[in-house]
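The structure presented is a predicted model; accordingly, all values stated were derived computationally and were not measured.
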Amino acid sequence: MQQTKRRKVKKANVTRLVQTVLVLVVCVYVAVIFIQQRVTLAKYGKVADEYKDKILEAQLEQQRLEDELEQAGTDEYLERIARDKLGLVKANERVFIDITQ
């Protein structure tokens with residue numbers, strides 16, 4: 001009888017040890033997965049912020065182009081384009097050229 005009790009106790013101790021080790025392994029696994037997911041989420045957050053910045057820049061560029069399109073038919077716009085891009089000047093206007101450049 002003593003030996004039977006000892007075997008049962010020994011078997012129970014081994015079973016508890018195995019269960020404890022399994023629970024510990026599962027907890028470590030869950031912790032590692034959780035940490036990996038946090039790192040991945042941080043990376044995706046940075047990517048999302050970059051895309052938001054690009055969208056904002058594109059919206060500002062679109063607004064600038066829309067404003068330029070509205071002004072395209074005005075005399076001031078045509079005069080500015082003629083001066084800046086074509087180098088034209090008005091009659092009797094003095095032109096100074098910077099030779100230091």
Side-chain angles (χ1 to χ4, degrees):
M1 279 244 183
Q2 289 267 345
Q3 288 180 349
T4 309
K5 286 184 180 181
R6 285 184 188 168
R7 284 183 185 171
K8 287 182 181 180
V9 169
K10 192 173 186 181
K11 191 174 183 180
N13 287 340
V14 170
T15 304
R16 280 191 202 139
L17 180 64
V18 169
Q19 288 175 345
T20 304
V21 169
L22 284 176
V23 168
L24 183 61
V25 167
V26 169
C27 289
V28 169
Y29 177 75
V30 168
V32 168
I33 295 297
F34 179 74
I35 291 169
Q36 287 176 343
Q37 286 180 347
R38 297 287 291 177
V39 170
T40 303
L41 282 174
K43 287 179 186 177
Y44 285 141
K46 288 179 184 178
V47 170
D49 290 341
E50 290 174 7
Y51 282 125
K52 286 177 185 177
D53 291 343
K54 286 182 181 180
I55 288 171
L56 181 61
E57 289 174 10
Q59 288 173 340
L60 292 173
E61 178 67 13
Q62 180 181 1
Q63 184 62 42
R64 184 190 67 77
L65 291 172
E66 287 174 357
D67 292 344
E68 190 174 325
L69 182 62
E70 286 179 12
Q71 295 175 359
T74 63
D75 291 338
E76 295 86 17
Y77 178 77
L78 294 176
E79 183 179 329
R80 184 176 48 137
I81 294 298
R83 285 180 180 275
D84 294 343
K85 296 195 177 183
L86 301 176
L88 300 177
V89 294
K90 291 183 179 181
N92 297 327
E93 187 176 26
R94 290 188 182 181
V95 178
F96 297 94
I97 299 174
D98 186 10
I99 60 172
T100 61
Q101 292 182 351

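- Taken to the nearest 0.5 Å, the CD atom of Glu79 stands 10.0 Å off from the CG atom of Asp84.
- Residues passing the side chain to side chain contact (heavy atoms under 4.5 Å, CB included) test with Gln36, sequence neighbours excluded: Val32, Ile33.
- One finds the CD atom of Gln71 at 10.0 Å from the CD1 atom of Ile81 (value rounded to the nearest 0.5 Å).
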Margin query: Under the criterion side-chain contact (heavy atoms from CB on, under 4.5 Å), I'd like the reasoning laid out for Arg16 against Asn13: C-alpha separation, chi angles, the key distance, then a yes or no.
Written below: CA-CA 5 Å; Arg16 280 191 202 139; Asn13 287 340; 3.9 Å; yes

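- Residues that satisfy the side-chain hydrogen bond (donor to acceptor under 3.5 Å, both in side chains) test with Glu61, not counting sequence neighbours, are Arg64.
- By the side chain to side chain contact (heavy atoms under 4.5 Å, CB included) test, Val30 pairs with Val26, sequence neighbours left out.
- With a 4.5 Å cut-off between side-chain heavy atoms of Ile, Leu, Val, Met, Phe, Trp and Tyr, the cluster of Leu22 takes in Val14, Val18.
- A heavy-atom distance below 4.5 Å is found between the side chains of Gln19 and Thr15.
- Within 6.0 Å of CG on Asn92 lie no more than 12 heavy atoms contributed by other residues, nucleotides or ligands.
- Taking 4.0 Å as the cut-off between side-chain N and carboxylate O, Glu50 and Lys46 do not count as a salt-bridged pair.
- Here Gln59 pairs with Ile55, Leu56 under the side chain to side chain contact (heavy atoms under 4.5 Å, CB included) rule; sequence neighbours left out.
- Residues passing the side chain to side chain contact (heavy atoms under 4.5 Å, CB included) test with Gln63 are Glu66, Asp67, sequence neighbours excluded.
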